[in-house]
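What follows is a short report on a single structure.
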Amino acid sequence: MSDLIFLDSAGSSIPPAPVVDEVIGHLKRETEIGGYRAAAERRDDLEAGYGVLAELFGCRPSEVAFTDSATRSWLAAFDAVPLSAGDRILVTEAEYAGNAIPVLRRAEETGAIVEVIPSDIHGQVDVDALNLDNRVKLISLVHVPTNSGLINPVNEITARAREVGALVLLDACQSTGQLDLRGLDYDMLSCTGRKWLRAPRGTGALVVRDEVRERLWPRLVDLHSGEWTGQQEYRLRSDARVFELWECNVADRLGLIAAARYALDKGLDVIEAEVADRAKRLREGLRTVPGITVQDLGERQSGIVTFTSDSVPAMELKDRLWDRKVAVTVSQAGSTLIDMSRRGLDEVVRASPHYFVTPEEIDQAVDRVSSSR
């Protein structure tokens, strides 16, 4: 569908040709010599990938772990945080269901307390409303929510967390690949490859700062994460790869590395500026359409653009747009229950234009929304 206007990079974006070539090429090589030997041929490239992702995030290679998804990354980090009865876990009003459910479940298990940080008048985390003490063990911070265009402040929250020794787990699932994350301060970061980074599905990464790793207790470890040193003894790795497992999809991992290189070559600052430009153009266009309400929040906004129609349910509007060759998706209340309930929203149409969408295509998409409403 070469004439498709693709506005769903916040769901699963379109990989560039070098990524596709890398994945398919390695799979073909596996058919020729087998998976083990094919992986051995790419050992140096796989090792170099830690440096590539370190450049992407502005961290050290020792702080990078590869995973198979943002969820796996987030769970690995969250499960490693020691918790006891009475400990406090803070989440934002934009918390994602994939994080909230394990938080609530672990609170049941440990007796920890889950509390919601209020939002300010712009919908982002109210830094002044942070109620911190030494019982706060973790702040779960969603950088860019799945259901609105806001960008939450990071460094200000982490600075406050440092005062009481709390850890900050940054959910960068929707910001990796569209924003330049270098210079952000956090303790752990989870991300996926399939969205704005334009990598294959089934890829992700976890960043764990060297300074906090000894405070964590990884719960899922194997012969890659550690070494069996005696019948009753073992030794875990001393870097972030302690959060990796031995088995992985080598082709997809090479694809993720290729996608990160592709983004770095284009320029993270260039990508951020172009995505912001497309999203701004789309918001401004949608605001001119009668019966369409843009639902985005935040003083600073991302490439995610959400809107509703006064007369057409979001799912139906999504389908109508698909028939008109515009790809969008729908965010429903169950994905971000606190925020959607607070705003009285059951669902929103979510559009997420990447840099490869032209300004002309944005204008065409607005016209097709107008004719579909």
Side-chain angles (χ1 to χ4, degrees), residues 63 65-119 125 129-147 152 154 157-158 160-174 186-192 204-209 211-222 225-226 236-237 240-245 333-342:
E63 297 174 324
F66 286 92
T67 71
D68 59 14
S69 67
T71 299
R72 183 71 68 183
S73 298
W74 195 93
L75 287 173
F78 173 65
D79 282 347
V81 177
L83 292 173
S84 302
D87 288 342
R88 299 171 61 201
I89 306 170
L90 304 187
V91 302
T92 69
E93 290 188 339
E95 187 60 275
Y96 183 61
N99 305 342
I101 292 168
V103 164
L104 294 172
R105 184 172 176 84
R106 190 143 181 246
E108 284 183 338
E109 175 191 15
T110 62
I113 302 165
V114 182
E115 302 174 21
V116 180
I117 309 169
S119 299
V125 176
L130 283 170
N131 176 23
L132 302 179
D133 58 29
N134 60 11
R135 293 184 300 127
V136 178
K137 303 303 179 184
L138 179 72
I139 299 177
S140 174
L141 176 58
V142 176
H143 193 196
V144 172
T146 189
N147 69 320
N152 268 318
V154 176
I157 294 170
T158 302
R160 294 288 305 278
R162 296 269 190 268
E163 297 173 1
V164 297
L167 295 170
V168 174
L169 173 51
L170 183 66
D171 181 341
C173 185
Q174 289 291 4
Y186 51 83
D187 297 300
M188 299 164 285
L189 174 151
S190 63
C191 77
T192 185
L206 172 64
V207 176
V208 179
R209 299 297 191 185
E211 294 78 9
V212 304
R213 197 168 50 249
E214 290 186 358
R215 296 174 57 184
L216 305 175
W217 185 265
R219 292 211 278 184
L220 291 178
V221 294
D222 68 0
S225 318
L236 294 183
R237 293 186 64 106
R241 297 187 214 185
V242 71
F243 290 95
E244 296 179 351
L245 299 177
S335 67
T336 43
L337 188 63
I338 300 170
D339 175 66
M340 297 282 270
S341 298
R342 178 178 65 88

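Keep in mind the model is a prediction, meaning the values are calculated, not measured. The residues of the chain are indexed from 1 along the displayed sequence.
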Revision key, fill the gap. Arg135 meets the salt bridge (charged side-chain N to carboxylate O under 4.0 Å, His left out) criterion, sequence neighbours left out, with Asp133
Check your understanding: Could you walk me through whether Arg241 and Glu244 pass the salt bridge (charged side-chain N to carboxylate O under 4.0 Å, His left out) check?
Key -> CA-CA 5 Å; Arg241 297 187 214 185; Glu244 296 179 351; 5.2 Å; no
Check your understanding: Roughly how far, to the nearest 0.5 Å, is CG of Asn131 from CD1 of Ile117?
Key -> 10.0 Å
Point to revise | Steps toward side chain to side chain contact (heavy atoms under 4.5 Å, CB included) verdict (Leu206, Trp74) | key: CA-CA 7 Å; Leu206 172 64; Trp74 195 93; over 6 Å; no
Review point. Just by modelled atom types, is the Leu169 backbone N or O under 3.5 Å from a matching donor or acceptor in the Asp187 side chain?
Key: no
Review point. So which heavy atom on Ile113 is nearest to which on Gly86, and how close?
Key: CD1-O, 4.1 Å
Practice item. Mind jotting down which residue pairs meet the side-chain hydrogen bond (donor to acceptor under 3.5 Å, both in side chains) criterion with at least one end in residues 98-108? Sequence neighbours excluded, please. Key: Glu95-Asn99, Asn99-Asp171
Check your understanding: If you measure from OG on Ser140 to CZ on Phe78, what distance do you get to the nearest 0.5 Å?
Key -> 8.0 Å
Study note, to complete from the structure: On a heavy-atom basis, the closest approach of Ala97 and Gly334 is CB-O, 3.3 Å
**Study point:** Pairing residues for Gln174 by the side-chain hydrogen bond (donor to acceptor under 3.5 Å, both in side chains) criterion, not counting sequence neighbours
**Key:** Trp196
Check your understanding: Any side-chain heavy atom of Val116 sitting closer than 4.5 Å to one from Ile338?
Key -> yes
Review point. Can a salt bridge be assigned to the pair Arg219 and Asp79 using a cut-off of 4.0 Å between side-chain N and carboxylate O?
Key: yes
Point to revise | Validation row: Val136, Ile139 side chains within 4.5 angstrom (heavy atoms) | key: yes
Check your understanding: Taking the side chain as C-beta and beyond, is there a heavy-atom pair between Leu132 and Arg160 under 4.5 Å?
Key -> yes
Review point. Does the side chain of Glu115 reach to within under 4.5 Å of the side chain of Ile89, using non-hydrogen atoms?
Key: no
Review point. If every non-hydrogen atom of Ala65 is compared with every non-hydrogen atom of Ala240, which pair is closest and at what distance?
Key: CB-O, 3.4 Å
Review point. Sequence neighbours excluded, which residues qualify as side-chain contact (heavy atoms from CB on, under 4.5 Å) partners of Ala85?
Key: none
Point to revise | Distance-only polar pair, side chains of Thr336 and Asp339, donor-acceptor under 3.5 Å | key: no
**Study point:** For Leu236, all residues meeting side-chain contact (heavy atoms from CB on, under 4.5 Å), sequence neighbours excluded
**Key:** Val221, Tyr234, Val242
Review point. Residues two or more places apart in sequence or in another chain: which of them pass side-chain hydrogen bond (donor to acceptor under 3.5 Å, both in side chains) with Arg213?
Key: Asp210
Point to revise | Thr192: partners by side-chain hydrogen bond (donor to acceptor under 3.5 Å, both in side chains), with sequence neighbours left out | key: none
Check your understanding: Tell me, do Leu170 and Val154 make a side-chain contact under 4.5 Å, heavy atoms counted?
Key -> yes
Point to revise | Partners passing salt bridge (charged side-chain N to carboxylate O under 4.0 Å, His left out) against Glu214 (at least two apart in sequence or in another chain) | key: none
Study note, to complete from the structure: Those residues at least two apart in sequence (or on a different chain) that pass ring pair (Phe, Tyr, Trp, His ring centres under 6.0 Å) with Tyr96 are none
Practice item. Say whether Thr67 and Ser73, considering side chains only, have a donor N or O and an acceptor N or O under 3.5 Å apart. Key: yes
**Study point:** Minimum heavy-atom distance Ser341-Leu337, with the two atoms named
**Key:** OG-O, 2.7 Å
Exercise for review: Identify, with sequence neighbours excluded, every residue that meets salt bridge (charged side-chain N to carboxylate O under 4.0 Å, His left out) alongside Asp68.
Suggested key: Arg72
Practice item. List for me each residue that meets side-chain contact (heavy atoms from CB on, under 4.5 Å) alongside Thr71, sequence neighbours excluded, and say none if there are none. Key: Ser69, Leu75
**Study point:** Heavy-atom side-chain proximity of Asn152 to Val144 below 4.5 angstrom
**Key:** no
Exercise for review: Apply side chain to side chain contact (heavy atoms under 4.5 Å, CB included) to Phe243 and Leu220, showing your working.
Suggested key: CA-CA 7 Å; Phe243 290 95; Leu220 291 178; over 6 Å; no
Review point. Considering all heavy atoms of both residues, which atom of Val208 and which atom of Val212 are nearest to each other, and what is their separation?
Key: CG1-CG2, 4.2 Å
Point to revise | Contacts of type salt bridge (charged side-chain N to carboxylate O under 4.0 Å, His left out), residue Glu93, not counting sequence neighbours | key: Arg342
Exercise for review: Starting at CG of Leu167, measure out to CG of Leu138 and round the result to the nearest 0.5 Å.
Suggested key: 6.5 Å
